[in-house]
Structure formats: structure tokens, C-alpha cells
**Student:** 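Just passing along the structure, written as C-alpha cells.
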Amino acid sequence: MAKKDSDSEHDAPHGGHEDHGGDSTAAVTDDVRLPGAARVAQIAGGVGVVGVLATIGLGVSAGDDLRSFSFAYLTAYVYGLSIALGALVWVTLQHLFAARWSVVVRRVGELFAASTPVMALLALPILVPVLMGNHQLYEWVDHAAVEKDHILHHKHAYLNETFFAVRLVVYFVFWAWLGRYWLTKSVEQDRTKAKGLHAKLYGVSAPSMIALALTLSFAAIDLIMSLDARWFSTIFGVYYFSGAVVAWHSLFALVLFWLQGQGKLVKSVSVHHFHDIGKMMFAFTVFWAYIAFSQYMLIWYANVPEETVWYQERTNGPWQNVAWFLVVGHFVVPFLFLLSRHVKRNRAGLKLGAVWLLFVHWVDMFWLVKPSLGRHGELHGLPIGVMDVTAVVGVLGMLLAAAAWNARDKNLIPLEDERLAKSLAFTNS
Amino acid sequence: MAAVAQPGATTVVQQSAGGNPWAGPPEGENVFGMITQNVSRLTEAKPPRAWYVAFAIALALLTMFGLSLAYLFYTGIGVWGNMVPVAWCFDIVNFVFWVGIGHAGTLISAILYLLRQDWRTAINRAAEAMTIFAVVCAAIFPGIHIGRPWLPYWMFPIPNQMGMWPQFRSPLEWDVFAVGTYATVSLLFWYMGMIPDFATFRDRSTTKIRRIAYGIVAMGWRGSSRQWHRYERAYLLLAALATPLVLSVHSVVSFDFATSQLPGWHTTIFPPYFVAGAIFGGFAMVVTLLVPARQFFGLKYIITLRHIELMTKVILGTGMLVGYAYGMEFFIAWYSGSLYEGFTFINRLFGPYAWAYWTMIFCNVVAPQIFWSRKMRRNVWVAFAVGVIVNVGMWFERFVIIGTSLARDFLPSSWGYYVPTPTDYTTLGGSFGLFFTLFLLFCRYLPTVAMAEVKAIMPEAHVQHGHGGAH
């Protein structure tokens with residue numbers, strides 16, 4: 001039957017308020033400080049800066065007007081952004097659903113959710129060339145092409161450099177504010193021990209989720225879908241969202257394992273919490289497959305040339321293998337692997353699953369972005385090189401550095417959250 | 001969380017409440033006994049007048065349904081307003097509408113179960129029943145739509161001497177399998193969940209007929225710990241198997257449209273958009289049914305304001321998802337630069353069916369916004385009214401998608417304007433008669449609330465009850 005844990009809502013005459021399943025002053029006996037966080041931030045940030053600079057250096061020296069650089073960098077960028085946005089969505093949903101199981105791990109999510117400013121900084125190598133009229137990445141920046149092409153001309157009102165920049169600014173202002181808000185309010189409660197904060201955050205979470213859904217979708221359209229400016233798909237934002245959620249939970253599990261390796265949160269975060277994170281990885285792997293299948297099948301079946309062209313590029317030549325790899329690697333394998341309860345509750349098993357999903361999510365981003373490199377037919381072989389590696393190292397390094405920097409003076413658990421006792425006592429039977 | 005009146009509260013007043021033998025606080029020595037009594041009395045006592053009135057109306061509508069179908073079979077589908085180019089209309093609109101209604105039941109019993117949402121126990125039985133009845137209503141429409149009511153078995157891949165098979169590449173055929181699987185699993189889920197409650201009815205029965213009837217359907221349930229163990233394992237497995245079905249059925253229904261090339265039908269967001277809409281409409285129907293049921297049939301001790309509030313939140317949330325899909329469709333219709341896509345959506349806004357479109361927008365996007373207010377969420381009659389409005393809106397959504405897209409497609413020379421006939425209306429109205437008749441019979445003869453499950457989430461059912469500590 002359902003979890004044998006009493007609920008605690010207003011109408012239940014039995015028990016009334018949170019008096020079942022533990023009293024509200026939780027006994028966290030763990031080490032919840034991470035004094036080494038600043039050091040971690042420095043190392044990760046150093047590696048990240050080197051990665052980004054190396055990518056830029058390699059890109060400039062390639063002498064192709066930043067073409068190979070832009071595509072490699074964008075792949076890594078949308079990869080990193082998906083993780084940061086996954087975290088932001090996750091934290092917002094925990095408040096919206098008044099989740100209790102996750103309180104003990106929510107701070108770690110908040111640290112990542114508050115790291116979107118660094119993604120804004122990292123957007124500059126994409127945005128600056130666009131504003132300078134470099135059209136290697138986005139065809140719609142090329143005014144001559146736009147003038148000649150009826151469809152691009154039609155879209156010019158939306159797809160133009162200025163509006164693109166304005167939109168990115170709007171997205172990032174909102175994301176940065178929201179991530180910062182969740183973290184600050186939660187940390188503030190650690191200090192003030194204020195009661196009833198969750199009701200307030202719940203109120204903010206609902207409209208925030210609407211704005212988040214819209215900004216995330218349009219960011220996916222702007223950054224990825226507009227690479228092939230003639231192509232369109234209404235489900236595209238949902239596709240990016242589904243991958244983002246998978247990637248975030250995977251990284252989340254790995255970060256928690258790492259923290260436990262450092263002797264933090266050892267007693268508070270139990271196998272039950274990991275099991276739930278594993279369930280989310282599994283569920284959203286299936287959801288990703290559902291969305292990917294819906295998009296592919298409907299376009300394949302209707303067979304309208306202006307839509308099939310996108311899959312034409314992505315399922316022929318070297319991309320055919322990548323596409324099949326995604327079917328097997330992003331769905332079949334993780335589905336069968338994570339289906340097992342044993343795997344989700346096993347540290348090595350869940351770690352392996354998380355690393356694998358983070359890898360295949362990168363392949364997915366690679367498969368979304370890179371085929372557009374060959375839109376003029378100049379592509380031979382799979383366009384993968386050193387820059388792809390340095391770009392991912394750079395973006396992920398910066399992202400981890402931002403999260404670690406956020407952690408340096410904070411508790412790793414929201415100690416004063418009224419639902420903490422429930423979360424500590426949570427069992428996943 | 002189910003909330004039965006405080007133990008120790010007055011338990012004498014019952015039978016008397018306004019002459020309604022079903023209303024009044026339940027009696028019993030303890031909270032478990034009160035739950036049993038509250039639910040069982042619906043099948044044991046004579047129903048209140050409200051039930052007979054409702055049943056009479058439902059039967060009248062059902063009769064109208066029967067007559068409409070008889071007239072249809074006697075005359076042919078020319079009695080409908082279907083024409084060229086609108087060759088699908090009320091028949092398919094009604095089918096999609098009813099299948100959509102059927103989604104809340106499985107969502108509540110499977111997905112909310114996996115998400116550990118205990119509150120679902122108060123409403124899952126009724127929602128599952130509603131699912132079954134909605135699927136029954138839905139199944140009738142493809143059957144009559146084919147125009148040859150003696151041949152619907154052709155939809156199934158039955159080996160035959162003619163060597164004739166259905167078109168497996170058609171989404172319409174996938175629908176047969178998707179809805180068939182869904183109906184089967186939902187029925188199993190519903191029935192299996194009722195077994196312990198049937199045993200309760202059997203054990204409480206005072207007449208031989210009841211003892212035998214409930215005894216047969218209880219399948220020898222004795223409530224041993226081994227039986228409970230098996231039952232809970234089976235429940236978990238069925239929930240896991242039913243979860244993909246919640247997504248698959250309406251996704252496949254959306255394929256009926258989205259695999260085509262028709263502007264307004266062919267768009268990639270259709271599968272998740274249809275699923276969100278189905279859950280939205282399904283929950284609205286649950287609220288529409290349960291608000292009167294709890295009021296007139298004395299279930300408000302189990303289905304509390306909190307349940308109503310949570311359901312209205314689901315309606316608000318899924319309504320937002322539907323709104324997202326409407327918006328994204330519009331944006332992409334412009335963004336695509338396709339003349340036909342763009343026209344279809346302008347036509348929806350300002351064309352001859354604009355009234356249907358704006359009805360849909362009002363009902364599905366505007367009306368649920370009232371649930372941002374906690375006060376409104378906890379007002380049962382507001383919840384009921386919005387539930388009805390959303391159901392209207394979801395019917396119109398299917399009408400807008402199917403009717404308006406067909407009425408004006410690529411060639412202006414082949415445009416048309418569909419007008420439903422009286423038979424279309426009586427068939428639609430009549431299908432509600434079938435639905436309500438089945439639901440009212442369910443209220444009268446079957447366990448309306450999953451008693452065993454509600455008891456399992458009561459604080460008293462827990463080991464740590466009274467010890468106050470975490471384990």
C-alpha cells in the first residue's frame with residue numbers, strides 16, 4: 001500500500017499538524033558544513049576557465065571564422081545550461097508540491113539552482129559573435145541570406161540579433177533571481193529559525209513554474225531549434241526539458257555521493273533518498289523517450305519535407321549511428337538498468353547509471369546541435385574534436401565552481417525547515 | 001488523508017438527517033468502524049430521494065441515447081450533420097471527449113499511488129469507476145461511426161476466411177489496441193481493488209442474496225496477512241503497468257490527428273498536450289461527480305474539503321499545461337512561416353467557428369484561474385461549477401480541433417460549414433445518460449470508497465501511532 005506515513009494536513013482531525021513521524025526539531029547529527037567548498041570552487045573554476053579559454057583559443061586559431069568553435073561550444077553550453085535549469089526546475093517543484101522526502105537534499109539542489117549567473121557569463125561566447133554579425137552558428141544572423149529567403153525573412157521579427165539578446169537577458173534575469181531567491185530564503189531560515197516559510201515559498205513557486213516553463217522552452221527554441229531556422233516543432237521545448245531533468249538528477253546523485261565521500265550528510269541522506277532520485281532518473285528517461293518518439297514518429301509519418309529535413313540531417317551519414325546510439329543508449333539500456341530496484345538502491349549501480357545518463361545526455365545535445373554544421377553539405381565524418389572536450393570541461397567546471405562557491409558559507413541541509421524531520425525519517429519501502 | 005468525524009463524537013444522529021438514510025455522520029465504535037459504516041450504508045440502506053431523482057433523469061437520457069442509436073441504425077449516418085469536408089465531427093469529438101474523461105481514474109490509482117499521494121485513497125475508487133464508464137461511452141462512438149454497426153469486429157485482427165486484416169499502419173487501428181488495453185487494465189485494477197471491500201459487504205450482509213452476490217465477487221477473500229501481502233504486491237505491479245497506459249492511450253488518440261498533414265492536426269506537441277488535457281478534463285469530471293455525491297450521499301466525512309482542494313489544484317495545474325500547448329501551437333503556427341498553419345490559427349480566432357474557440361479558451365484557460373484563490377478551491381460549489389465549465393471546455397477543444405480544422409483546409413473551394421443535427425445533440429446528451437446511469441448504479445451497489453485503503457492511511461493504522469517518534 002501507499003507509504004505508511006501519516007499525512008499532516010489541515011483537515012485531518014486525527015493528528016492535526018506535523019506531529020506524526022517525528023517532532024519538528026530534527027536531530028541532524030551530520031557534518032553539514034563544507035569548509036573546503038571555496039577550494040573546490042577555485043579548482044573547478046580554474047579548470048573551467050582553462051577549458052573555456054582553451055576552447056576559444058583553439059576556435060580562433062582554427063581560422064574558420066569561429067565556425068567549429070561555435071558549434072562545439074554551443075553543444076557544451078546547452079548541456080551545462082540544461083543541468084542548471086534542471087536544478088532550478090527541481091527546486092521550484094519541491095516547493096510547489098510541498099515535498100517532504102527531499103528537504104534533506106534540497107539545499108544541494110538550491111546551490112545548483114543559484115548557479116545560473118555563471119551560465120549567463122558563459123553565454124557570452126555565443127552572444128557576442130552573434131551581436132557582431134557572425135553568422136557561422138545561426139543562419140538568421142546573415143542578413144543577405146535572410147533577404148533572399150522568404151521564410152527567414154518572415155521570421156526576422158523574432159529571429160534577429162537584438163531580440164535574441166534581449167530574450168537571453170530576460171531569461172537570465174529571471175533565472176538568476178529565482179535561483180537566488182530559493183537559496184537566500186532557505187539560508188535565511190537557517191539563521192532566523194522563522195516558521196511558516198514554506199507557505200510563502202509555495203506561493204512563489206506556482207507563478208515561477210509558469211515563467212520557468214516558458215523561459216526554458218523559448219531558450220531551447222532560440223539556442224537550439226533556430227540553428228535550423230526553417231525547421232519547427234511545437235514539442236521542442238518539452239524535449240529539452242525532459243533531457244534537462246534526467247541530467248540534473250544524474251548529476252545530483254553524483255554530487256551527493258561525492259559529499260558523502262567527504263564525510264558530509266552521511267547519516268541524513270539515506271538509501272531511500274537515493275532510491276527516489278533513481279526513480280526520477282528512470283521516470284524521466286522514459287519521459288524523454290516518449291517525447292523523442294512523439295516528435296520523430298509524427299514527423300516521419302506525415303512526411304512533410306519542411307519537417308523531415310531536420311531528421312534527414314540527423315539520421316543519415318555519420319549521424320545514423322548517433323541516432324541509433326541514442327535510441328539504445330538514452331532509452332533501452334538505462335530503462336532496463338534502472339528498472340531494477342536493486343540498482344537504484346545500490347551505490348555503485350546508481351553511480352554507473354548517473355554517469356551513463358550524463359554521457360548520453362551530452363550525446364543528445366551533440367546530436368541536436370552539430371548536424372546543423374553540415375547544413376551546406378560540407379560535413380564529412382562525425383564533427384568531433386578536442387574543442388568538444390575542452391568546452392564540456394570548461395562549462396561543467398564553471399558550473400560546479402559556481403555551486404561550490406555558493407556552498408562555502410552555508411549549511412548543506414536546511415536545518416530549520418519544518419519538514420526536515422519527515423525527510424530524515426523518510427522510508428521508501 | 002481521509003477524515004472521519006472525531007471518534008467519540010456524537011454517533012447517534014444518523015437515519016434522521018433530513019430523511020436521508022445515506023447522510024448524517026457515520027456511526028461505529030472506532031474510526032475504522034465508522035469508515036465501514038459510512039461506505040457500506042450506501043448499499044445497505046434505501047437510497048435518498050436525490051438518488052431516485054438523479055437516476056430517473058439519467059434513465060431518461062439513456063432512453064434518448066437508445067432511441068437516437070435506433071434511429072441512426074434504421075436510417076444511416078445521414079442523420080448526422082457530417083458532410084464533406086467535415087467527415088468527422090460529433091462522433092469522433094464525443095469519442096475523444098469520453099476517452100479523455102477516463103484518464104483521471106488511472107492517474108489517481110496508478111501515478112498518484114507511485115508518487116505516494118495518500119489522499120487519493122478517498123477518491124480513487126469513484127474515479128476508477130468513472131474511468132470504466134467513460135471508456136464504455138467512448139467505445140460506442142467508433143462503433144457507430146463506421147456506419148455498419150454489424151461489423152465493428154472488423155476492427156480487431158481476427159483471422160478470417162476472407163484473409164482480410166485491419167490496416168495495422170493506421171493510428172485508428174492503434175486506437176483499438178490502446179483503448180482495449182486501457183479498458184482491460186483499468187477494469188482489472190478497479191475490480192482487484194474492490195475485492196477486500198466486497199468481502200466487507202459480504203460479511204455485513206443481512207440477506208441471503210447479498211451474501212451470495214458479494215460472496216461470489218469477493219472471491220473467497222478472508223483478509224489473511226498472506227492475502228494482503230499478495231494483494232499489495234499485485235497492486236504495485238498493476239500500478240507500474242498502468243502508469244504508461246495513462247500516457248499511451250491519449251497519445252495514440254492524438255496520433256489519429258497528428259499523423260495527418262492537416263493544418264491544426266499535424267503538430268508534434270499533440271501527444272503530451274492531449275494527455276494533459278485528458279487529465280484536466282478527467283479531474284474536472286471527478287469533481288463534478290464527487291461534489292454532489294459527497295453532499296447527497298453522506299460521503300463528506302471521507303471526501304473532505306482537502307480532497308476537493310487538491311483536485312482543484314490538479315485542475316489548475318493541468319489547465320496551465322493545456323494553456324501552454326495552446327500558446328506554443330500559436331507561436332509555432334506563426335514561426336513556421338507556413339501559410340496554411342498560420343491561416344488555420346487565425347481562422348480559429350476569427351473564422352466562422354470563433355465562438356467555439358473562445359468558448360474553449362474561456363472554459364479551459366480563464367475559468368480555472370479562479371483556483372488561485374484558496375477560498376475558491378475550498379468552496380465545493382465553485383469547484384463543482386468550474387468542473388462543469390471545464391468539461392464543456394474540453395468538449396469544445398475537441399470540436400475546435402476536429403471540426404474547424406476539417407471545415408477549412410488547404411483549398412478554399414472545398415471549404416464548408418458543419419452544422420450538427422438534432423440527432424447529433426441527442427446522441428451526445430444521451431451518452432451522458434449512459435454514463436450517469438452506470439455511475440449511479442455504482443453508488444448504489446458497489447463500494448464507492450476504497451474502505452480498506454482509507455483505513456490503511458489512518459494514523460491509527462501505523463506502528464508508530466501514539467509514540468510520536470520517527471523510526
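Note that this is a predicted model, so its numbers are computed, not measured. In what follows, every chain begins at residue 1, and chains take the letters A, B, ... in the order their sequences are listed.
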**Student:** Do the side-chain N and O atoms of B/Asn124 and B/Ser109 include a donor-acceptor pair separated by under 3.5 angstrom?
**Tutor:** no

**Student:** Chain A heavy atoms under 4.5 Å from B/Phe331: which part of the residue, side chain, backbone, both or neither?
**Tutor:** side chain

**Student:** Relative to chain A, which segment of B/Thr259 carries a heavy atom at a distance below 4.5 Å: side chain, backbone, both, or neither?
**Tutor:** both

**Student:** Using non-hydrogen atoms only, which part of A/Tyr239 is less than 4.5 Å away from chain B: side chain, backbone, both, or neither?
**Tutor:** neither

**Student:** Against chain A, label B/Trp372 side chain, backbone, both or neither, depending on which of its atoms sit under 4.5 Å from a heavy atom there.
**Tutor:** side chain

**Student:** So do the side chains of A/Met209 and A/Leu93 get within less than 4.5 Å of each other, counting heavy atoms only?
**Tutor:** yes

**Student:** Quick check, are the ring centers of B/Tyr324 and B/Tyr273 under 6.0 angstrom apart?
**Tutor:** no

**Student:** With a 4.5 Å cut-off on heavy-atom pairs, point out which of A/Tyr296, A/Tyr202, A/Trp300 contacts chain B the most.
**Tutor:** A/Tyr202

**Student:** Using heavy-atom distances under 4.5 Å, tell me whether B/Pro244 contacts chain A through its side chain, its backbone, both, or neither.
**Tutor:** neither

**Student:** Using non-hydrogen atoms only, which part of A/Ala206 is less than 4.5 Å away from chain B: side chain, backbone, both, or neither?
**Tutor:** both

**Student:** What part of A/Leu96 gets within 4.5 angstrom of chain B, counting heavy atoms only: side chain, backbone, both, or neither?
**Tutor:** neither

**Student:** Under 30°, 30 to 60°, or over 60°: which ring-plane class applies to B/Tyr231 and B/Trp228, parallel, tilted or perpendicular?
**Tutor:** perpendicular

**Student:** Contact part of B/Met320 toward chain A, heavy-atom cut-off under 4.5 Å: side chain, backbone, both or neither?
**Tutor:** side chain

**Student:** Please look at B/Tyr335 and chain A and tell me whether the side chain, the backbone, both or neither of the residue comes under 4.5 angstrom of a heavy atom of that chain.
**Tutor:** both

**Student:** With respect to chain B, which residue among A/Ala283, A/Ala213, A/Ser217 yields the maximal number of heavy-atom pairs within a distance under 4.5 Å?
**Tutor:** A/Ser217

**Student:** Classify the angle between the aromatic ring planes of B/Trp174 and A/Tyr301 as parallel (below 30°), tilted (30 to 60°) or perpendicular (above 60°).
**Tutor:** perpendicular

**Student:** Can you tell me which of A/Glu306, A/Met297, A/Gln295 forms the most heavy-atom pairs within a distance under 4.5 Å of chain B?
**Tutor:** A/Met297

**Student:** Angle class for the A/His249/A/Trp90 ring planes (parallel below 30°, perpendicular above 60°, tilted otherwise)?
**Tutor:** perpendicular

**Student:** Please flag which part of A/Leu159 lies under 4.5 Å from any non-hydrogen atom of chain B: side chain, backbone, both or neither.
**Tutor:** side chain

**Student:** Check each of A/His272, A/Arg419, A/His273 against A/Trp101 using the side-chain contact (heavy atoms from CB on, under 4.5 Å) test, and report the only one that passes.
**Tutor:** A/His273

**Student:** My understanding is that only one of B/Val275, B/Leu107, B/Ile279 makes a side-chain contact (heavy atoms from CB on, under 4.5 Å) with B/Leu247; could you say which?
**Tutor:** B/Val275

**Student:** Any idea which heavy atoms bring B/Trp265 and B/Ile401 closest together, and the distance?
**Tutor:** NE1-O, 2.7 Å

